[in-house]
Amino acid sequence: MFSFLRLDLRSLAALRIVLGLVLLFDFFTFLPIAQFYLSDQGFVSRVDFLSEQANPWNWSLLYISGDSIFVYGFLFWHFLSLIFFIAGYKTRLHTFLIWIQIVSLHNRDWETDRKSVV
């Protein structure tokens, strides 16, 4: 009866693949500067960032450690989640994991990005 309201699953899969490729491109453009922005040896250490941060709702998994090995391990986990998302393996789980990872990446140094623009 309402055949015009049905979605073709191939179009949803194509959207997932294109979105995953855009996120993968963003990952590879961020990778060379990751140590500078995410580790304690970079621009702002976690201790300085958290002591001056006014928003307690700002959370990130990268607050756990500022070591370069932890940062690159986190980025490897993000890369694997993106590959699994593009391939369509457990898409709902990896969608949630990618959301957590992207929020963690963006909340790590949100204040320094704002100051660099001004």
Side-chain angles (χ1 to χ4, degrees):
M1 183 170 163
F2 292 105
S3 63
F4 64 91
L5 293 177
R6 287 192 284 176
L7 289 174
D8 188 9
L9 295 180
R10 293 175 293 182
S11 62
L12 293 176
L15 177 67
R16 183 195 76 238
I17 291 169
V18 169
L19 179 63
L21 290 174
V22 168
L23 291 173
L24 199 61
F25 176 77
D26 182 50
F27 171 79
F28 281 119
T29 58
F30 187 70
L31 191 60
I33 58 173
Q35 184 174 2
F36 182 71
Y37 283 108
L38 300 177
S39 70
D40 284 343
Q41 294 82 22
F43 186 62
V44 177
S45 68
R46 286 176 306 116
V47 176
D48 295 337
F49 181 70
L50 290 174
S51 65
E52 295 180 11
Q53 175 185 332
N55 187 1
W57 291 99
N58 184 12
W59 59 271
S60 175
L61 294 177
L62 292 167
Y63 293 157
I64 296 171
S65 175
D67 189 28
S68 295
I69 294 173
F70 180 80
V71 169
Y72 284 116
F74 178 84
L75 291 174
F76 181 70
W77 176 48
H78 183 52
F79 176 74
L80 286 179
S81 294
L82 287 173
I83 294 299
F84 288 143
F85 178 74
I86 292 170
Y89 179 71
K90 297 195 177 190
T91 308
R92 290 183 186 177
L93 171 67
H94 287 102
T95 302
F96 179 70
L97 291 177
I98 289 170
W99 175 74
I100 288 173
Q101 294 159 356
I102 288 177
V103 167
S104 293
L105 285 170
H106 285 268
N107 283 344
R108 170 57 175 91
D109 278 337
W110 63 274
E111 199 168 279
T112 56
D113 289 338
R114 194 177 321 160
K115 287 181 184 174
S116 64
V117 172
V118 175

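All values derive from a computational prediction rather than experimental measurement. When a residue number appears, it is its place in the shown sequence, counting from 1.
- A continuous path of Ile, Leu, Val, Met, Phe, Trp and Tyr side chains, each step under 4.5 Å between heavy atoms, connects W59 with I64, placing both in one hydrophobic cluster.
- L80 and L31 are not part of a single hydrophobic cluster, where members link through side-chain heavy atoms under 4.5 Å apart.
- Here CG of D67 is found 8.0 Å from CG of D40. Values are rounded to the nearest 0.5 Å.
- Tracing side-chain contacts under 4.5 Å through hydrophobic residues (I, L, V, M, F, W, Y), one reaches F96 starting from W77; they form part of the same cluster.
- Follow the hydrophobic side-chain contacts under 4.5 Å out from F84 and you never reach L75; the two are in separate clusters.
- Atom CG of L97 sits about 5.0 Å away from atom OG of S81, to the nearest 0.5 Å.
- At a threshold of 4.5 Å between non-hydrogen side-chain atoms, the residues Q35 and Y72 count as touching.
- Judged by distance alone, the side chain of R16 and the main-chain N or O of I86 form a donor-acceptor pair under 3.5 Å.
- Between the side chain of S39 and the backbone N or O of S68, no donor-acceptor pair lies under 3.5 Å.
- Distance check: I17 CD1 to F85 CZ gives 9.5 Å after rounding to the nearest 0.5 Å.
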task = Let me see the working for L21 and L82 under side-chain contact (heavy atoms from CB on, under 4.5 Å), right down to the final yes or no.
result = CA-CA 8 Å; L21 290 174; L82 287 173; over 6 Å; no

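- Distance CD1/I98 to CG/L93: 9.5 Å, rounded to 0.5 Å.
- Atoms CG and CZ, on L61 and R108 in that order, are 12.5 Å from each other to the nearest 0.5 Å.
- By the 30° and 60° cut-offs, the orientation of the rings of F74 relative to H78 is parallel.
- Heavy atoms only, all atoms of each residue included: T95 and T91 are closest at OG1-O, 2.6 Å.
- Q41 CD to F36 CZ: the interatomic distance, rounded to the nearest 0.5 Å, is 12.5 Å.
- Heavy atoms only, all atoms of each residue included: D26 and T29 are closest at O-OG1, 2.9 Å.
- Checking side-chain atoms of H94 against main-chain N and O of K90 turns up a donor-acceptor pair under 3.5 Å.
- Taking a 6.0 Å sphere around CZ of F30, one finds it holds more than 12 heavy atoms contributed by other residues, nucleotides or ligands.
- Hydrophobic clustering of Ile, Leu, Val, Met, Phe, Trp and Tyr side chains at less than 4.5 Å, counting indirect connections, unites F28 with I83.
- No donor-acceptor distance shorter than 3.5 angstrom exists from the side chain of N107 to the backbone of S60, with no hydrogens or angles considered.
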